[in-house]
Amino acid sequence: MHNTPSSVTVKDLSIRYGAVSVIDNLQLDIRQGEFIVLLGPSGCGKSTLLNAIAGLLEISDGEIWISGKNVTWAEPADRGIGMVFQSYALYPRMSVEGNMSFGLKMAGVPKAEIAERVAKASKLLHLDPLLQRKPSELSGGQRQRVAIGRALVRNVDVFLFDEPLSNLDAKLRNELRVEIKKLHQGLGNTMIYVTHDQIEALTLADRIAVMKGGVIQQLASPLEIYHKPANQFVAGFIGSPGMNFIEGQLSGGPGAWRFQADGESIDLAAYAFAQDPGANAPGGRKAVLGIRPEHIDVGPAPSGRHAARGKIDIVEPMGAETVLWTSFAGKPATIRVDGDNESGPGDEIDFHFDVGRASLFDAESGERL
Ligand SMILES: Nc1ncnc2c1ncn2[C@@H]1O[C@H](COP(=O)(O)OP(=O)(O)OP(=O)(O)O)[C@@H](O)[C@H]1O
Ligand SMILES: [Mg+2]
């Protein structure tokens, strides 16, 4: 991937509305053919960043480059992008075919070429049997496919998606998610995809940019973000049920660090520190230990794992798996077990985890230790 040229580059981007800064000095470099997902809670600036790349809003500072050209001052239509929004706004009186070809007609593309491009997009998106229907005669998922088709026919290098699936029900969303992934595998275009749905992000992205307050918190592959979250915010945002966080402090020293929390003393020998934990506050540095519910196992502990015991408060069966609510170091904690687990409320259980799979954060900055 490293020799692949840049497709979209955002340099020193700032966006302010009056005194309110929404994005401050943001950097992002996207490689050709990459599928990038912008993920974060409502209001974190995902759409703002996407619209800035599309040229739909005025930026306060910085530059946008697309396919090697500085497009900071270029009109949206001249940027070589295709965009799909959450509200797909199809022309109601035009057929599916009309909706897909309209933009090309307006741009003066020759008839034969329009027909060819519409036919290709229609085939990719399974719209062939629907080409003569009006939007009102389509299901939500079919309409969304037409909206994607309308962007596809533009033959551009970069596609921008802003929550394209959020108006659909769960089943359709899953189906179209797979279609979008197939589409990307087949076309190989650059895609920038905004969502607040972590499953969409994890399943689609080559790299995820997790955003909060207009700042990219971490830009990495889905697995890196899942296993090695850069800070406590990213750790808590990815995963369902969320990561268990235990507040405590570090004790010991280099080569013999331990994590101390209410009644638990956890050997950190298996933990790979991302930074020197003793750098600023030897000994009692306050920290937060994070363990994913799926990384805790029930039963007697094999050697090398931290063992604990707790009482089950609540059992949440979810079919394939069950979530057990217990407590660890005096705080509520969840454990994900197999769906055929028969534990019930009030049961005492032994559980254990591998410290090497846990995450440690500085209690004040939230940064990964
Ligand atoms: N024209 C504007 N004037 C002032 N503030 C704005 C304007 N447009 C957006 N904002 C603010 O910028 C921030 C980012 O908005 P944005 O639409 O990018 O969020 P988002 O991450 O896409 O959220 P969502 O998931 O809800 O769509 C929000 O706090 C919003 O209130
Ligand atoms: Mg948005």
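In listed order, ligands and their atoms are each counted from 1.
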Between E348 and R309, is the closest basic N to carboxylate O distance under 4.0 Å?
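Judged by the 4.0 Å cut-off on N to carboxylate O distance, R309 and E348 do form a salt bridge.
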
Do NZ/NE/NH1/NH2 and the carboxylate oxygens of D206 and R31 come within less than 4.0 Å?
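Looking at R31 together with D206, the answer is no, because their closest N to O distance does not fall below 4.0 Å.
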
Using ring centroids (six-membered ring only for Trp), state whether F159 and F35 fall under 6.0 Å.
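F35 vs F159: aromatic centres not under 6.0 Å.
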
Could you check whether F353 and F351 have their ring centres less than 6.0 Å apart?
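No; F353 has its ring centre 6.0 Å or more from that of F351.
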
Side chain E113, main chain P110, donor-acceptor under 3.5 Å:
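Here the side-chain-to-backbone pair does not exist.
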
K46 (side chain) donor-acceptor with G40 (main chain) under 3.5 angstrom
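Side chain of K46 to backbone of G40: a pair is present.
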
When you measure from the Mg ion (ligand 2) to the N, O or S atoms of T48, does any of those distances fall below 2.8 Å?
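It does not: T48 brings no N, O or S atom closer than 2.8 Å to the Mg ion (ligand 2).
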
Identify the closest protein heavy atom to [atom]: which residue and atom is it, and at what distance?
| atom | value |
| --- | --- |
| atom 18 (O) of ligand 1 | T48 OG1, 2.5 Å |
| atom 25 (O) of ligand 1 | K46 NZ, 2.8 Å |
| atom 22 (O) of ligand 1 | S47 OG, 2.8 Å |
| atom 1 (N) of ligand 1 | Y17 CE2, 3.5 Å |
| atom 28 (C) of ligand 1 | G43 O, 3.7 Å |
| atom 11 (C) of ligand 1 | V22 CG2, 3.9 Å |

Using heavy-atom distances only, which candidate in G214, S42, S166 approaches atom 26 (O) of ligand 1 most closely?
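That would be S42.
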
G45, any N or O under 3.5 Å of ligand 1 N or O:
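Yes.
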
Hey, which atoms in ligand 1 end up nearer than 4.0 Å to a heavy atom of E163?
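Answer, ordered by atom number: 25 (O).
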
Atoms in ligand 1 with a heavy atom of C44 nearer than 4.0 Å:
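Taking each heavy atom of C44 in turn, ligand 1 has 19 (O), 21 (O) under 4.0 Å.
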
Check whether NZ of the Lys or CZ of the Arg R292 lies under 6.0 Å from the centre of the six-membered ring of Y226 and within 45 degrees of that ring's axis.
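Output yes; distance and angle both within limits.
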
Have a look at H295 and tell me which of H227, R336, R357 forms a side-chain hydrogen bond (donor to acceptor under 3.5 Å, both in side chains) with it.
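The option that passes is R357.
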
Looking at atom 7 (C) of ligand 1, is any protein heavy atom nearer than 4.0 Å to it?
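Given the 4.0 Å cut-off, atom 7 (C) of ligand 1 counts as touching protein heavy atoms.
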
